[in-house]
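Only one structure is covered here, and it is reproduced in the block below.
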Amino acid sequence: MLPDQEVEIVERVIGEGRHVRNLQYIHRQCAYDSFFHSDELGEHINLFSMLDGINSEAPVENTPYMELTEYFRLCKKAAFSLTFKQIETILGDTLCWEAYHFEAFWFDDEPGMNSPMWQEEGYAFQVFIPSKRDYCICDSWISQGYEIKALYLKEKRAVFHRVNNNICAFTIPKALTAKKIPNEAVYECQKALAYIIAKYGL
């Protein structure tokens with residue numbers, strides 16, 4: 001989407017509710033299903049199913065910790081603490097049970113539970129079935145320049161402090177850097193970035 005195009009927020013799955021994980025941006029002119037009136041094209045086109053594949057290419061948007069990342073992005077405090085319950089309130093969901101018993105949950109920056117950190121803490125994989133862990137919660141604060149200064153599992157509380165004030169939340173999609181892109185795409189990117197720089201006085 002280009003910066004000058006009007007967008008609208010719509011439900012990804014109609015009827016599932018207007019919560020953050022079920023919302024997406026779409027061109028305003030595409031906000032409703034389209035129907036072509038023609039003898040040759042009489043089929044109903046479902047734009048939401050067409051866009052479904054596009055959304056699946058953006059795994060960052062699917063992380064269950066998106067709201068927490070946004071919280072840290074907007075945070076202006078140098079140091080503060082959050083209880084596990086407060087974190088669950090921010091997420092709008094409960095943390096997995098490992099969060100209440102293992103420090104590795106809070107510090108491990110590798111998806112899954114294959115890092116030595118879990119073995120060091122004595123996680124009994126042969127006894128407990130681990131929760132599905134495709135994303136790391138620590139990415140939420142590390143990506144925004146914070147780290148955990150102290151973790152109190154018994155008190156169910158974590159203390160965060162800022163370690164990098166010059167974090168930029170903007171990341172360039174790999175598709176734009178992995179290989180040469182068409183000149184037209186370069187031109188459109190430069191135009192879009194110039195617009196953003198001018199708009200926000202950067």
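By convention here, the first residue in the shown sequence is residue 1. Keep in mind it's a predicted model, so treat the numbers as computed, not measured.
- If you take CZ on F105 and CG on L153, they are separated by 11.0 Å, rounding to the nearest 0.5 Å.
- The backbone N or O of C75 lies less than 3.5 Å from a partner atom in the side chain of R162, making a donor-acceptor pair.
- Both L82 and Y100 are part of a single hydrophobic cluster, where members link through side-chain heavy atoms under 4.5 Å apart.
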For the pair F160 and F80, evaluate ring pair (Phe, Tyr, Trp, His ring centres under 6.0 Å) and give the outcome as yes or no after the intermediate values.
CA-CA 6 Å; F160 301 90; F80 62 98; 5.8 Å; yes

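- Closest approach of S140 to T69, counting heavy atoms only: OG-OG1, 3.0 Å.
- Annotation: the span from C189 atom SG to E184 atom CD amounts to 11.5 Å, rounded to 0.5 Å.
- Salt bridge K85/E88: present, at least one basic N to carboxylate O contact under 4.0 Å.
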Take I148 and V159 through the test side-chain contact (heavy atoms from CB on, under 4.5 Å) and record every step on the way to the result.
CA-CA 6 Å; I148 290 183; V159 180; 6.0 Å; no

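- With rounding to the nearest 0.5 Å, the separation of CD1 in I137 from CG in D108 is 12.5 Å.
- One distance of note links OG of S143 with CG of L68; it measures 9.0 Å at 0.5 Å rounding.
- Interatomic distance, S81 OG to K149 NZ, rounded to the nearest 0.5 Å: 11.5 Å.
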Test K156 against T83 for side-chain contact (heavy atoms from CB on, under 4.5 Å), laying out the working first.
CA-CA 6 Å; K156 300 176 179 60; T83 65; 5.8 Å; no

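- Distance check: F102 CZ to L151 CG gives 13.0 Å after rounding to the nearest 0.5 Å.
- For the pair C136 and P111, the tightest heavy-atom approach, listed with the atom from each and the gap, is SG-N, 3.4 Å.
- Nearest heavy atoms, A78 versus Y146: O-CE2, 4.2 Å.
- The aromatic rings of W141 and W106 sit parallel to each other, their planes meeting at less than 30°, with 60° as the upper class boundary.
- W97 and Y65 fall within a single hydrophobic cluster, where Ile, Leu, Val, Met, Phe, Trp and Tyr side chains are chained together by heavy-atom contacts under 4.5 Å.
- Each of F72 and L74 belongs to its own hydrophobic cluster when Ile, Leu, Val, Met, Phe, Trp and Tyr are linked at side-chain heavy-atom distances under 4.5 angstrom.
- Under a 3.5 Å cut-off, the side chain of E188 and the backbone N or O of A185 do not form any donor-acceptor pair.
- Y152 and R157 share no side-chain donor-acceptor pair at under 3.5 Å.
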